[in-house]
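Reading through the structure tokens given below for one structure.
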Amino acid sequence: MRFVSVLTLAALIGVAAAPAIATAETRTLTVGISISYSGKFAKEGELGRLGYELFREVVNERAGIKIGNDRYLIEYKYYDDKSDQATAANLVEKLITEDKVKYIFGPFSSDITFATSAIGEKYKVITMAALANAEKVYTRGLKYTFGAFPPASEGLSTIVQMAADLQPKPQTVAIVYPDALFPFYGAKGAKERAEKLGMKVVYFEKYPPTVKDLTPVMTQVKQLNPDIFLTSALLEDAIFVTKAYRELRINSKLMGFTTGPAVIDFMSALGDTADYTVGYAWWSPTVRLKDDFFGTAQDYEARFQQRYKQPGNYISAAASAAGLVLMRAMERAGSVDVEKVRPVLAATDMETFYNVIRYDATGMNVGGFAVLIQDQKGKAVTVYPPKAAETKLLYPMPTWDERGRK
Amino acid sequence: MTPDALLAIERLDVAYGEIQVLWEVDLEIARGEVVALLGPNGAGKTTLLRAVAGLLRPRAGRIVWDGAPLDGVPASRVVARGLALVPEGRRLFAGMTVAENLTMGAYRRTDGRAAVSADLEWVFELFPELAARRRQQAGALSGGEQQMCAIGRGLMTKPRLLMLDELSLGLSPVAVDRIVAMLAAAHRTRGMAMLIVEQDVRMALELARRAYILETGRITRGDEARRLIDDPRVKKAYLGL
Amino acid sequence: MLVQELLNAVLIGGIYAAIGIGFSLVYGVMNLLNLVHGAIIMLAGYVTYSLFARLGLDPFLSIPVTMGAFFVVGYGLQRFVINRILTASVFMSLILTYGIDLVIVNIVLLVWKTDLLAVTPSYAGASWAIGGLVVSKIRVAIFVVSAALTALMYVFLDGTRTGRAIRAAALDKEAAELVGVDTPGIYAVTYGLSSALAAAAGSMLATIYTLTPTLDGIYLGKAFVVAVLGGLGNITGAAVGGLVLSFAESLGVVVLGPSYQEIIGFGIFLVVLILRPYGLVGRRFYAEI
């Protein structure tokens, strides 16, 4: 009988001691990332990964995220979605069912996220869809999907917004976009804004996403000679559109892109042809924003440059910011339990180095604003909004005859 | 084996995969000799020619050409040694002109442009029909002309042995007579040996000095042509008499 | 403005012909659907980029360099790899060439990463303005070079000993061997020539297209359509096929709208494939050049 008592006592002590041991525990939180290493989004996928990686590095060098009494180090499980929707959906399912992750950092492009977020939703796993902002991704009544980019329709329309106040005021707008989700929302947003501001949209056309030479379409644009020429597309398209624009000697007053002018590849691929083009970014190192994790936009830029030997970009920044937003939500929830984190995350309204992040009921970030960037003499400079502008917009663009004379 | 035989085939076995077609075939051709190879359809006559020409690799046995082994040498090099095969069905380069087809015959020759063009003129003399159509595409020729072009292409290789597979197939008797006469003429001027595989046994035996009979993959007889013509069994089996 | 569109179409047709001609040659000679073709055009583009970025070599001057280098690469590839499976099933050759394509794509990813690269000589994007028409200098140059290469190829196949051997091997492999043509060697030369033509196209197109590691599929698709339109194996047909495809694309944009740029081209492609599998350019005998 005494023997039993001793055992019981020992067991009681053990139970009592257990939480004490757990208090100092360092755990690992595995986040699944299925993103493009290859295929058409390989470049954007790489930028996304750099952003996610930077977030992880900063977390782990500060000994992890403190949640309740525990500290969580972050670990990633990566897969290559090959820029393919179906592959991405399968990989996310694998991440959830085989690798047992509870949190997903999203892939690049709205089209791919459209597929993967539905899988996350099915298994009640949180997707930080940092790199997707087509409305269609969010307007399906998703509960576990949260973005970082502001709405796709907000980007190009900011260029139109700025143009409305320019002298001479532009009257006509032409918009082209490849037949895909994200470009469509960008184009649609710009068209609606232009019409609202009293401009005439003289050309609004989509082209097949496999096209690599847009000469036939651009010939039509040349005939219309619009004051503003906008392309809602990704980087590769932006480059060949600009080439055709020069080859056909089209002379608009303002030329705007979704992706391009802010990206170093755009400038190196086009040389001085890139000058005067305007793009937007959801982020620029010059914006006056900050948080208490990465610091100011400039701080982030400095760290990024030091780590990767290349300038920062809005894709990486959004990826990093998405990590930060999730981390703060977990801290506030005091748990890594998805059902406890989700409502806290949905209530996010915070300033980060990247942008303001505030979610609407659909999980889209409606708090952000776009900064406009113009390439001037081989440098991308911020020209809008005034609170972030480094210098003045060069407007109207000189004609090709004028540029040739220099 | 005769020591100075031009071509000596010894105990040759040839198979297509698992299916053996020729068994222990022995055959000899002397320099300048015209030999016929007779036998029913499917006996393996074409197979034997293809093996000699290097298109098939024998399973066993030897092919000795001018004292040196020939088995295992690929077709493209066999022709350079002086053996030419005019294949069954002509196998002309249909999309090329007659002149180009003939010139292709000289592809491997190294005896100089002058010799080749002299031979080309000789072939055109031999077959005036071809001379008239030298710029036409070979595919547009009549059957008889195609056969002439195929023989001409074979002659252009400057062969020491010309192997002819079923040259009368599908041709009118008139065309056959004409081609045989021209072949005989070519033989007289050039003196090359010939191995003739023919359904038209009478024609073959007219041209040939000796003949072999190949039946179900084996040589069953080899003899002087005139003795075979007189042989009642041969008469019955191959001459329909 | 229709004149401008026609002019563009002619110039783009020259580009498409350059893409398709080598593909057609290989198919015509050895019945090989060479899935490596697009990757070679792409790789030559990247090599051209490096020659330009590192050594300042003009992309058009790098044409002889890439042509020579890729002739050697193509020759070796055929001689030591592809020849081995040529007698196997079509399926085998598709698997093998697709595999080689993947290898090249991964070499590109390894060496040049996924950055978007462009070759931008000083005259890139420059145009002549002639009476309201705009003519891109680079596109004219590409058109001229591809026309010259097509003509050279024609003369080579028609008038040289090796050229005739290639045609003979294409028309009847065995008959060619019977007159002494070493067909494996001729196949290697043919593949080398096809690769050299692909390399020339790649060098030139690097000045128009943006280099990405996904270009191989785009190029291969165009090459296939162009070759089928012109008649697989028909060199002069490839030139016609290039023009037909280019006009179809322009027509699609003008008549139906930009989203239909590729529909008409593929429509014609399908119709040709069904009704005239030997291509738009008539031939009486297979493998006429």
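These numbers come from the heavy atoms of this one structure, side chains and all, not from hydrogens, waters or symmetry mates. In what follows, every chain begins at residue 1, and chains take the letters A, B, ... in the order their sequences are listed.
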Working for salt bridge (charged side-chain N to carboxylate O under 4.0 Å, His left out), residues B/Arg91 and C/Glu174:
CA-CA 8 Å; B/Arg91 305 287 289 268; C/Glu174 255 184 28; 3.4 Å; yes

Can you list the residues that meet the side-chain hydrogen bond (donor to acceptor under 3.5 Å, both in side chains) rule with C/Tyr187, with sequence neighbours excluded?
none

Of all heavy-atom pairs between [X] and [Y], which one has the smallest distance, and what is that distance?
{"X": "C/Asp172", "Y": "B/Phe93", "result": "O-CE2, 3.7 Å"}
{"X": "B/Arg153", "Y": "C/Ala175", "result": "NH2-CB, 4.0 Å"}
{"X": "C/Ala168", "Y": "B/Met104", "result": "CB-CE, 3.6 Å"}

Check this for me: [X], atom [atom1], are more than 12 non-hydrogen atoms of other residues, nucleotides or ligands nearer than 6.0 Å?
{"X": "C/Arg84", "atom1": "CZ", "answer": "no"}
{"X": "B/Tyr16", "atom1": "OH", "answer": "yes"}
{"X": "B/Arg31", "atom1": "CZ", "answer": "yes"}

Reported [atom1]-to-[atom2] distance for the pair [X] and [Y], which is rounded to 0.5 angstrom:
{"X": "B/Met96", "Y": "C/Arg164", "atom1": "CE", "atom2": "CZ", "answer": "7.5 Å"}
{"X": "B/Arg50", "Y": "C/Leu178", "atom1": "CZ", "atom2": "CG", "answer": "8.0 Å"}
{"X": "B/Leu85", "Y": "C/Glu177", "atom1": "CG", "atom2": "CD", "answer": "12.0 Å"}

Should C/Val181 and B/Ser76 be marked as a side chain to side chain contact (heavy atoms under 4.5 Å, CB included) after you check the CA-CA gap, both sets of side-chain angles, and the distance that decides it?
CA-CA 5 Å; C/Val181 176; B/Ser76 58; 5.7 Å; no

Is the side chain of C/Arg161 donor-acceptor paired with the backbone N or O of B/Tyr107 at a distance under 3.5 Å, no angle test?
yes

